Amino acid sequence: MHTTISAKLINITAAALTGTALLFGASAAHAANKIVARVSLSQQVMEVSVDGRPTFAWKVSTGDRAHVTPTGSFKPTRMHEMWYSKKYDNAPMPHSVFFSGGYAVHATYAIKRLGQPASHGCVRLHPDNAADFYQLVETFGPANTSIVIVK
């Protein structure tokens with residue numbers, strides 16, 4: 001049920017932003033429909049803004065002491081509704097949004113570890129939140145999405 005409600009919210013948001021862009025012209029169209037996912041490694045939180053408006057804030061797990069999560073600004077490079085890690089024993093990575101080589105934002109089933117570093121460098125989210133983020137990127141497009149990872 002959560003996914004259905006979230007998908008409707010995302011689609012309504014997309015329609016509203018598109019309508020605003022059409023109403024106010026090309027300059028608004030350029031500003032509308034931008035997603036920025038800002039991941040704070042120190043706070044273990046991902047804040048998602050749509051068109052400059054804070055929309056979601058979710059706990060994450062990023063790289064542990066032995067595995068670094070890269071910092072910087074990235075664009076999604078590929079997406080998979082379900083991916084299995086070729087490097088880590090076919091570990092499931094639902095709703096993967098890859099942003100740098102083998103690094104992705106994806107769901108985890110280790111939800112008790114969210115809020116603390118625990119991954120091999122990926123950004124892990126609760127399955128519901130990963131599905132919402134995946135839907136956002138799919139709706140607005142990878143070209144209109146930025147994943148910014150800061151210390």
Side-chain angles (χ1 to χ4, degrees), residues 1-18 30-151:
M1 181 169 157
H2 177 268
T3 303
T4 304
I5 292 170
S6 296
K8 286 181 183 178
L9 175 64
I10 290 165
N11 290 331
I12 290 167
T13 302
L17 291 173
T18 302
H30 179 69
N33 299 329
K34 299 283 183 187
I35 300 168
V36 177
R38 183 182 180 276
V39 178
S40 169
L41 298 177
S42 61
Q43 295 178 343
Q44 293 293 291
V45 171
M46 182 166 106
E47 299 170 333
V48 180
S49 296
V50 177
D51 193 27
R53 293 183 183 105
T55 308
F56 298 104
W58 299 312
K59 286 183 184 180
V60 298
S61 287
T62 59
D64 60 20
R65 288 180 182 231
H67 303 91
V68 175
T69 299
T71 57
S73 183
F74 307 93
K75 291 282 188 191
T77 55
R78 60 191 170 99
M79 298 172 59
H80 300 277
E81 199 164 338
M82 177 53 89
W83 185 257
Y84 294 92
S85 173
K86 294 178 177 150
K87 188 173 183 180
Y88 296 107
D89 301 319
N90 280 334
M93 299 167 60
H95 294 106
S96 292
V97 178
F98 285 86
F99 59 87
S100 178
Y103 296 99
V105 175
H106 66 82
T108 182
Y109 301 118
I111 58 176
K112 289 183 179 182
R113 306 227 25 217
L114 291 171
Q116 60 192 1
S119 80
H120 286 114
C122 286
V123 177
R124 296 179 181 173
L125 288 168
H126 186 282
D128 293 339
N129 300 336
D132 288 348
F133 183 65
Y134 187 92
Q135 174 82 37
L136 272 172
V137 177
E138 194 171 59
T139 300
F140 291 95
N144 295 319
T145 303
S146 295
I147 299 169
V148 180
I149 302 175
V150 299
K151 297 254 182 208

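Excluded from the calculations below are hydrogen atoms, water molecules and symmetry mates; all remaining heavy atoms, backbone and side chain alike, are included. Numbers here are sequence positions counted from 1. Source: prediction; values computed, not measured.
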Looking at [Y], is its backbone amide N or carbonyl O close enough to the side chain of [X] to form a donor-acceptor pair, meaning the two atoms are under 3.5 Å apart?
X    : Y    : value
S40  : R38  : no
S146 : V36  : no
S73  : V148 : no
T55  : S49  : no
Y134 : E81  : yes

Name all residues meeting the side-chain hydrogen bond (donor to acceptor under 3.5 Å, both in side chains) criterion together with T71; count only those two or more places apart in sequence or in a different chain, and write none if there are none.
-> none
Value rounded to 0.5 Å, distance of [atom1] in [X] from [atom2] in [Y]:
X    : Y    : atom1 : atom2 : result
F133 : H106 : CZ    : NE2   : 12.5 Å
N144 : L136 : CG    : CG    : 12.0 Å
T62  : H67  : OG1   : NE2   : 12.5 Å
C122 : H120 : SG    : NE2   : 9.5 Å
F56  : M46  : CZ    : CE    : 9.5 Å
L114 : L125 : CG    : CG    : 7.5 Å

Is there a side-chain contact between D132 and V48 (heavy atoms, below 4.5 Å)?
-> no
Name all residues meeting the ring-ring contact (aromatic ring centres under 6.0 Å, His included) criterion together with F99; count only those two or more places apart in sequence or in a different chain, and write none if there are none.
-> F74
According to the side-chain hydrogen bond (donor to acceptor under 3.5 Å, both in side chains) rule, which pairs have a member within residues 83-102, sequence neighbours left out?
-> none
Got a sec, which residues hit side-chain contact (heavy atoms from CB on, under 4.5 Å) with A110, two or more places apart in sequence or on another chain?
-> T108, R113, R124
side-chain contact (heavy atoms from CB on, under 4.5 Å) against P117, all qualifying residues, sequence neighbours excluded = Q44
